[in-house]
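See below for the structure under consideration.
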Amino acid sequence: MIQNKYSFIALIIFLFVGPFLFPNATITEMLIFGIVAISTNIMLGYTGMLSFGQALFFGTSAYISGLMLLGGFPLFLAIPVATLGSFIISLFVGYFCVKREGLYFICLTFAFNQMFYFIAYVWTEVTGGEDGLVGVERPTYIDSQLTFYIFTAIMFLLAVLALYKIVTSPLGLIFKLIRENASRAEAIGYNVRYYKLISFSIASTFTGLAGSLYVLIHSMVPIDQIHWLKSGDIIFMTLFGGVGSFLGPLIGVVGYIWLSDTFSIIWARWPLIMGVIFAIVVLYFRGGMSELLENLFKKYKAISRKTEHEQDIKNTKLN
Amino acid sequence: MNKILKIQNLTKNFGNVSAVSNISIEVEEGTIHSIIGPNGAGKSTFFNMISGVIPPSDGYVYYKDKDITGFESYKLPHMGIAKCFQITNVFPKLTVKENVWASIFSCSHKSKIDLFKSMNDFEAIDKETKKIVSDVGLSHKIDDKAEELSHGQQRMLEMAITLGAKPDLLLLDEPTQGLAPEATVEMTELIRQLSKKYTILLIEHKMHIVMEISKIITVLNFGEKIEEGSPNKIKNSKKVQDAYLGRK
Amino acid sequence: MTFLIISQILNGLGLGMLYALVGVGLTLILGVLNIPNFAHGVLYALGAYFAYTIAKITGSFYFAMFLSPLLVVLVGFILESQGVRRLYHAHHDYQLLFLFACALIIQEIIIIFWGPIGFSLLAPPSLSGAIDLGFLIYPKYRLVLICFAFFMIICLYLFLTKTNLGAILRAGIENRDMVKVLGINVNMVFLYTFGLGAYLAGLAGALSAPIMGLTPSMGLDILPICFVVVVVAGLGSIPGAIIAGILIGLSQGAATIWFPEATNVVIYVMMGLTIIFRPQGLFGVR
Amino acid sequence: MKVSFLYGLRLKMTTIFFSILFSISSSLSLSDTVNILGLFPFSGPYADSGKLTDQGARIALEEVNYTINGKKIKYVTRDSETKAGPAARRAQEAIDTEGVKFIIGPWSSGVALAVTEVAKKNKVMYYFSGGTEDISGKKCHKYAFMWAANAWTAMDADLKIFKKANPNAKKIYLFVVDYAFGWTLQKYVESLAPKYGLEVVGVDRHPLGHREYSTFITKAMSKNPDAVYMINFGLDAISAVRQLNNFGFTPKKPVIMSWSSGFEELIQLDPAARENLIVGSNYYYTIDNPDNKKFVEAYKKKFKGVPPGYAGAAGYGLMKMTLLGMQKSGSTEPQKVITALEEHKGKNFVGDFEIRGRNHQTVRPFFVLQTKKKNDMKNEYDMAEVVDVSSTEQPKNINMCEDIGSF
């Protein structure tokens with residue numbers, strides 16, 4: 001609990017300091033993918049389901065909200081409708097996927113993702129196909145970079161609080177039960193498939209919310225946001241940050257985007273570096289960046305405690 | 001006396017092999033009814049069919065006169081049937097409290113809204129959790145993770161989870177499996193205590209425990225019921241002795 | 001029209017055979033090792049690139065076809081023994097992350113060694129050009145490819161049914177714990193399985209090179225198709241993977257006749273139908 | 001200088017907190033340098049062209065010794081990955097942190113459309129080259145320019161020169177890559193073909209990134225066309241040409257690669273497979289004029305004797321145009337540079353050109369090449385010769401740019 005308090009304080013500080021650390025568009029994108037990764041972690045870390053199709057919801061919702069904005073609907077209608085849209089789709093897709101476990105679940109979500117990608121790709125009149133959906137204007141009240149950042153930060157905070165509420169509710173506990181021991185959860189009276197669907201829907205709906213915000217960053221929906229490689233990115237960001245804690249994935253997002261932007265300037269073959277980093281994380285720091293930081297923090301504390309202790313000993317000796 | 005569980009002609013075939021064939025038993029309310037049999041007698045298959053893990057090939061299961069044959073296992077706790085597993089089967093990364101809490105919550109929450117409330121809003125469940133945990137003697141470990149408990153403690157936790165569902169009928173699958181002698185005694189005592197409150201269907205292959213606490217015993221061998229009756233009757237049954245001592 | 005249909009069937013078969021080869025490789029790894037091999041695509045690409053280099057150095061196309069898959073097996077062995085082996089007890093997410101990381105690394109290494117621009121690998125003169133079958137003209141290499149891939153599939157079938165190792169692999173797919181119980185060196189079995197999967201991927205890559213050319217991104221292009229083959233076939237079914245691969249190839253051929261824009265979509269439509277009507281896959285065992 | 005509130009605030013804060021990270025670059029960049037961004041695909045599906053484009057751009061910068069109008073040029077690059085999302089993010093990032101005022105970048109209409117939104121929003125000039133009509137068409141605006149020849153111009157040139165070389169040809173079969181730019185070209189070809197006495201006997205659209213053309217080829221061959229006219233690019237085109245050769249279509253009958261990068265695509269094909277191709281391209285290194293010779297020499301000298309392809313030329317051309325605008329206006333403010341470029345007439349390494357003010361299209365020659373047989377090649381790069389050049393401008397009435405707007 002205390003640790004959570006610290007991490008929330010750190011989060012608030014990050015929201016204030018972030019715009020000075022990173023370029024505006026980048027930090028805004030980090031927050032948006034922060035929603036995605038934190039919500040994906042509800043499914044991945046808490047419930048133990050690995051979906052390789054989260055870009056499906058991100059992209060679909062982005063298209064819906066983009067189309068509504070283009071059609072002249074107000075933003076405060078577009079975002080809820082798009083989010084609702086991804087919720088409905090998540091129920092449909094999830095219905096088929098949660099019947100299966102493990103590898104099959106991965107394959108199915110992956111396959112659904114590809115299916116939606118091709119729908120978006122072929123249905124050019126609506127989605128713009130290869131070119132994506134362009135020319136979506138931001139409403140004037142969030143047109144400047146600062147106001148848009150504030151808007152995104154508020155949406156981010158709301159989403160994070162909602163997700164935190166879920167995590168600390170009985171529902172969050174049920175998700176953990178399923179991750180730990182699905183057959184036992186079933187035996188004490190939980191319909192595992194049903195709760196898996198809920199978990200899948202929550203993750204997908206919030207991913208959808210993020211997608212509907214993404215439209216506004218660059219005033220467009222590129223088709224690569226619904227491609228399976230994006231789903232991969234989402235998983236990597238989440239794992240990179242670490243699935244062990246609630247806010248860990250955010251560290252992953254910030255790290256992933258920052259590293260990829262930085263390395264891409266240094267060396268054209270930067271995906272190689274990213275690959276090596278991922279491999280190292282998997283083989284040696286499976287808890288991701290958040291655990292690494294936590295360990296460092298602990299070590300630091302242990303050292304300071306040790307020196308304190310030594311100091312005490314010295315003091316007693318002196319006395 | 002009221003028959004709480006009636007099983008009629010329960011059969012399970014795996015291909016051409018029948019693991020359980022044509023078993024009928026009736027469990028009286030408020031008793032300990034044991035099912036025994038040597039290894040491979042079909043006890044586990046039988047148990048799994050009752051608890052909804054595998055669907056039977058034939059036959060019926062009635063609980064309180066309601067047909068529950070082939071119900072998915074998650075529905076049973078809500079009707080008052082709880083089961084305890086043969087191998088330790090807890091939620092290792094969660095605390096003892098959470099383990100038991102989740103089990104109580106499962107059958108006691110009324111609406112979907114409860115799912116989204118804060119964990120701190122359920123005083124009644126918290127209280128009950130503490131009570132059950134102390135009943136099984138784990139109060140001092142309540143905030144420890146389940147994986148940090150000793151094996152015997154995990155079995156006790158297992159029992160606590162099962163009791164959390166507030167069942168009328170307890171299905172216990174070899175609760176003393178792999179326990180040290182002292183722990184076995186402890187567990188036997190616990191079961192005896194529990195029988196005051198619950199009807200118990202006990203699957204066990206340790207003869208002495210069963211003899212000690214059961215009211216009625218059903219003996220299975222090669223998937224068939226070979227004998228049924230009071231401990232005394234079983235003790236003196238020739239068929240049972242044959243089965244256990246190895247027949248020629 | 002018959003001419004068109006026959007040649008489309010041949011086209012579909014050629015394509016399908018390639019899909020079947022990579023699909024079976026992936027199925028083996030998925031089934032026995034229970035890991036999602038996201039590096040399968042780059043192994044396919046490596047097969048093609050090795051073949052290119054060997055053919056360039058030795059001047060022998062056939063030798064390249066022989067040696068390159070074996071080199072890919074070597075890469076597979078390294079991947080398995082140095083990384084994947086440590087992850088058998090980890091969650092799928094870490095396995096996936098690791099294998100995808102390997103895919104990224106290998107793809108970039110391909111760019112570093114062979115450059116970002118693609119190449120062609122020509123079939124030897126005896127196999128290039130088209131042959132006139134009377135009722136249709138068809139490229140020789142493709143006919144040879146179909147026959148050879150068919151031959152390889154028969155070999156694979158014999159290997160799996162007639163040899164001890166094959167029997168162990170099949171048992172492993174049916175029930176992974178069984179292999180452990182039988183007292184077999186599981187590490188060896190896993191290593192060989194990964195090697196065999198890599199061999200099939202590498203072979204398919206090498207065979208495809210004269211038709212589709214070589215590009216660093218060829219691995220990423222084939223990967224989704226591999227997974228579709230597995231989903232349509234049913235997880236862990238080797239005959240299923242072969243048939244699904246060929247079916248997908250054929251349906252792509254058919255789509256070209258009537259609905260050319262949809263040649264890629266048809267794959268996913270097939271998969272969608274499978275998911276809805278037969279969720280365990282056409283030949284799924286679990 | 002107009003800086004947004006946040007930007008100004010950041011300048012103050014960074015100098016306090018992160019002086020090493022940002023202050024040096026951003027304070028320098030705002031005062032006495034011109035900052036130009038090269039947004040190229042260094043990774044992703046077009047990874048091959050990023051480096052080449054960058055090389056071309058650097059040649060142009062070296063010619064002016066990285067100075068313009070007395071100011072130092074700071075040239076930065078970013079990886080577009082040929083993905084619109086990262087491209088837009090990195091463009092925005094470069095604008096914010098590096099103070100970039102000019103962006104050049106090639107390839108992919110998706111990326112172009114994303115970056116043009118960024119350019120418009122940030123009032124930054126964007127010079128684009130590559131396959132899309134929208135930059136000087138439907139999505140035209142004051143800040144974006146198009147360097148590649150117009151699609152209509154290109155198709156007109158291809159058909160005209162093909163007919164001239166093959167007077168007996170009557171029937172052509174179209175392979176079209178299935179996305180917006182492909183359809184645009186198809187539309188133009190279908191409307192222009194009758195003008196040159198050609199009949200389109202069949203059209204097959206295939207998905208982008210398709211590698212297997214056997215099914216399309218057999219279908220096409222059953223119609224017995226005199227030529228296959230391909231509207232696809234990069235690897236798709238290469239795969240299709242290779243397989244057309246496998247099937248024995250070429251070299252008996254010609255294949256037209258209507259919108260090709262020329263050098264880069266041809267070099268990936270074996271000489272045997274590239275016989276009898278007619279290739280329409282925005283650039284080929286043997287273009288005969290002094291400016292081009294100078295460029296090719298400089299390029300070869302710097303990069304191991306390999307002549308520039310379209311990517312290198314595009315980098316060079318885009319940079320040249322941007323510099324030209326600066327020279328002409330004597331300014332490094334995007335708006336002044338843009339105004340100076342509008343309706344500019346000149347001559348450079350691709351020949352005579354003219355920049356239309358109404359749609360920001362660079363009206364310039366489009367080249368049609370004929371591939372050489374293996375025996376006629378003088379060296380491995382001597383793959384084709386420029387057979388003709390055409391720069392007919394797209395008729396005004398079919399241009400989709402209705403209003404270029406204002407600053």
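Lettering of chains follows the sequences in order, A, B, ..., and the numbering in each one begins at 1. As the structure is a prediction and not an experimental result, all values here were calculated from the model.
- If you look at C:Tyr268 and A:Tyr121, their ring centroids are not closer than 6.0 Å.
- Within the 4.5 angstrom heavy-atom criterion, only side-chain atoms of A:Val122, from C-beta onward, approach chain C.
- Within a 6.0 Å sphere centred on CH2 of A:Trp267, other residues, nucleotides and ligands contribute more than 12 heavy atoms.
- The contact between C:His92 and chain A is made by backbone and side chain atoms together, counting heavy-atom distances below 4.5 Å.
- Residues of residues 216-228 of chain C placed with any heavy atom under 4.5 Å of a heavy atom in chain A are listed by number as C:Leu220, C:Leu223, C:Pro224, C:Phe227.
- Looking at A:Leu229, the atoms closer than 4.5 Å to chain C (heavy atoms on both sides) all sit in the side chain, from C-beta outward.
- Taking all atoms of both residues into account, the shortest heavy-atom contact from A:Gly275 to C:Ala101 is O-CB, 3.3 Å.
- Scanning residues 105-114 of chain C against chain A with a 4.5 Å heavy-atom cutoff picks out C:Ile105, C:Glu108, C:Ile109, C:Ile111, C:Ile112, ordered by number.
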Item to complete: Could you please spell out the steps behind the ring-ring contact (aromatic ring centres under 6.0 Å, His included) verdict for A:Phe278 and C:Tyr94?
Response: CA-CA 9 Å; A:Phe278 288 150; C:Tyr94 296 110; over 10 Å; no
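- Contacts of C:Ala90 with chain A are made by both backbone and side-chain atoms, with heavy-atom separations under 4.5 Å.
- For the atom pair CG of A:Leu50 and CD of C:Gln95, the computed distance is 9.5 Å after rounding to the nearest 0.5 Å.
- C:Arg86 is linked by a side-chain contact (heavy atoms from CB on, under 4.5 Å) to A:Leu283, A:Tyr284, counting only residues two or more places apart in sequence or in another chain.
- In this structure, the separation between CD1 on A:Ile235 and CZ on C:Phe38 is 8.5 Å, given to the nearest 0.5 Å.
- Between the NZ atom of A:Lys99 and the CD atom of C:Gln280 there is a distance of 10.0 Å, given to the nearest 0.5 Å.
- Contact annotation for A:Phe236: both backbone and side-chain heavy atoms come within less than 4.5 Å of a heavy atom of chain C.
- Shown here are the side-chain contact (heavy atoms from CB on, under 4.5 Å) partners of C:Val269, two or more places apart in sequence or in another chain: C:Val265, C:Leu273.
- Most heavy-atom pairs under 4.5 Å with chain A, from the set C:Leu87, C:Leu99, C:Ile267: that is C:Leu87.
- Under the 4.5 Å side-chain criterion, counting only non-hydrogen atoms from C-beta, C:Met271 is not in contact with A:Gln114.
- The contact between A:Leu103 and chain C is made by backbone and side chain atoms together, counting heavy-atom distances below 4.5 Å.
- Looking at heavy atoms from C-beta onward, C:Leu104 lies out of side-chain contact with A:Leu272 at the 4.5 angstrom threshold.
- At least one donor-acceptor pair under 3.5 Å links the side chain of A:Tyr104 to the backbone N or O of C:Val231.
- With rounding to the nearest 0.5 angstrom, the CG atom of C:Leu97 is 10.5 Å from the CZ atom of A:Arg286.
- A distance of 5.0 Å separates CG of A:Leu44 from CG of C:Asp93, quoted to the nearest 0.5 Å.
- There is no contact between A:Tyr117 and chain C, counting heavy-atom distances below 4.5 Å.
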